[in-house]
Q: 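Dropping a structure here in structure tokens format, bear with me for questions.
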Amino acid sequence: MEKMQELLQILEKNARLSLEDIAAMMDVSAAQAAAMLDEANEKGYIHGYQALVDWEKAGVNQVEAMIELHVSPRKDRGFEEIAAAIAAFEEVDAVMLMSGGYDLLVSIKGKSFQEIALFVAKRLSPLDDVLSTATSFVLRTYKRGGVLFQDEEIDERECTVL
């Protein structure tokens with residue numbers, strides 16, 4: 001499992017590496033790396049390969065929001081079923097069960113603040129299991145998936161005013 005973990009960590013950082021590069025990083029043959037990759041896919045360790053896109057830099061207007069949900073699980077419908085129903089909405093990017101002050105964290109993307117607000121008001125809040133929502137809009141992304149989204153270096157010099 002140690003080599004499998006190493007493979008998954010490499011892929012998580014950069015899934016575009018060639019099989020030969022991955023094999024060299026792991027000190028195994030390309031055939032061994034390929035077999036491990038096949039196994040990881042078959043066992044469901046890998047759920048897809050995505051690019052981290054800086055939509056702001058690409059000039060695409062996109063709004064992202066994080067919605068905290070308080071839900072009411074029942075005997076016949078627990079967190080899994082509620083999360084699956086919410087995840088089925090096309091606008092939903094991610095749904096996570098949380099510890100702390102709320103139950104589920106939902107990440108959604110839309111073309112405008114109004115589009116997201118309407119989604120929350122007309123589709124998410126009316127669900128029987130949803131007790132309350134709190135929506136926070138992402139104003140700027142600085143880092144995602146371990147990758148910094150800033151181009152310019154931050155000037156860390158101190159300024160003293162006399």
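Residue numbers start at 1 and run along the sequence shown.
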Q: Counting C-beta onward and ignoring hydrogens, is there a side-chain heavy-atom pair between Tyr142 and Leu148 closer than 4.5 Å?
A: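 Counting from C-beta outward, Tyr142 and Leu148 never come under 4.5 Å.
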Q: Between Phe149 and Arg144, which heavy-atom pair has the shortest distance, and what is it?
A: CE1-CB, 3.9 Å
Q: Which heavy-atom pair separates Glu115 from Gly110 by the least distance, and what is that distance?
A: OE1-CA, 2.9 Å
Q: How about Asp38: does its CG atom have over 12 heavy atoms from other parts shown lying under 6.0 Å from it?
A: yes
Q: What is the distance from atom CZ of Arg16 to atom CD1 of Ile22, rounded to the nearest 0.5 Å?
A: 12.0 Å
Q: Using side-chain heavy atoms (C-beta onward) and a distance below 4.5 Å, is Leu17 in contact with Met25?
A: yes
Q: For Glu81, does the CD atom have more than 12 heavy-atom neighbours from other residues, nucleotides or ligands under 6.0 Å away?
A: yes
Q: How many angstroms lie between atom CD1 of Ile67 and atom CD1 of Ile116, to the nearest 0.5 angstrom?
A: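 Answer rounded to 0.5 Å: 7.0 Å.
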Q: Do you reckon Met98 sits in the same ILVMFWY cluster as Ile82, going by side-chain contacts under 4.5 Å, direct or chained?
A: no
Q: Check the side chains of Gln32 and Ser29 for a donor-acceptor pair under 3.5 angstrom, ignoring hydrogens and angles.
A: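 Side chains of Ser29 and Gln32: pair found under 3.5 Å.
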Q: Is there a chain of hydrophobic side chains (I, L, V, M, F, W, Y, each step under 4.5 Å between heavy atoms) that links Phe113 to Phe119?
A: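 Linked within one cluster.
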Q: To the nearest 0.5 angstrom, please state how far the CG atom of Leu8 sits from the NZ atom of Lys13.
A: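 It is 12.5 Å, given to the nearest 0.5 Å.
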Q: So which atom in Gly101 and which in His70 form the shortest heavy-atom distance, rounded to 0.1 Å?
A: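 Nearest heavy atoms, Gly101 then His70: O-CE1, 2.6 Å.
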Q: Does any part of the side chain of Leu124, heavy atoms only, come nearer than 4.5 Å to the side chain of Leu69, both counted from C-beta?
A: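 In contact.
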Q: Rounded to the nearest 0.5 Å, what separates atom CD1 in Ile86 from atom CD1 in Ile108?
A: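 It comes to 11.0 Å.
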Q: Decide yes or no for Leu7 and Met26: does some side-chain heavy atom of the first lie under 4.5 Å from some side-chain heavy atom of the second?
A: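 Leu7 reaches Met26 side chain to side chain.
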Q: With a 4.5 Å limit on heavy-atom distance, are the side chains of Leu105 and Met66 in contact?
A: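 Yes - at least one pair of side-chain heavy atoms lies under 4.5 Å apart.
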Q: Would you kindly confirm whether Met4 and Ile46 end up in one hydrophobic cluster when ILVMFWY residues are joined by side chain heavy atoms under 4.5 Å apart?
A: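 Linked within one cluster.
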Q: Would you say the side chain of Phe89 lies within less than 4.5 Å of the side chain of Val95, judging by non-hydrogen atoms?
A: no
Q: Applying a strict under-4.5 Å side-chain criterion to I, L, V, M, F, W and Y, I'd like to know whether Phe137 and Tyr102 cluster together.
A: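 Hydrophobic grouping puts Phe137 apart from Tyr102.
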Q: Please test Thr133 against Val130 for side-chain contact (heavy atoms from CB on, under 4.5 Å), starting from the C-alpha separation and ending with a verdict.
A: CA-CA 8 Å; Thr133 66; Val130 175; 3.8 Å; yes
Q: Below 4.5 Å, heavy atoms only, C-beta onward: do Lys111 and Gln62 meet side chain to side chain?
A: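 No, every pair of side-chain atoms sits at 4.5 Å or beyond.
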Q: Atom CD of Glu39 and atom OH of Tyr45: how far apart are they, to the nearest 0.5 Å?
A: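 So the gap between those two atoms works out to 6.0 Å.
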Q: Taking CG in Asp27 as the centre, count heavy atoms belonging to other residues, nucleotides or ligands within less than 6.0 Å. Is the count above 12?
A: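 Open.
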Q: How long is the straight-line distance from CG of Asp103 back to CD of Glu68, given to the nearest 0.5 Å?
A: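 Reported value, rounded in 0.5 Å steps: 10.5 Å.
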Q: Can you confirm whether Leu131 sits close enough to Val71 that some side-chain heavy atom of one is under 4.5 Å from a side-chain heavy atom of the other?
A: no
Q: So, Asp129 and Arg74, do they make that salt bridge, N to O below 4.0 Å?
A: yes
Q: Would you kindly confirm whether Val92 and Leu118 end up in one hydrophobic cluster when ILVMFWY residues are joined by side chain heavy atoms under 4.5 Å apart?
A: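 No, it is not one cluster - the side chains of Val92 and Leu118 are not joined through contacts under 4.5 Å.
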Q: Just one of Lys122, Lys109, Arg123 clears the salt bridge (Lys or Arg N to Asp or Glu O under 4.0 Å) bar with Glu91, so which one?
A: Arg123
Q: Minimum heavy-atom separation for Ala65 and Thr135, please, with both atom names.
A: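 Heavy-atom minimum between the residues: CB-CG2, 3.9 Å.
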Q: So which heavy atom on Leu19 is nearest to which on Ala34, and how close?
A: CD2-CB, 3.5 Å
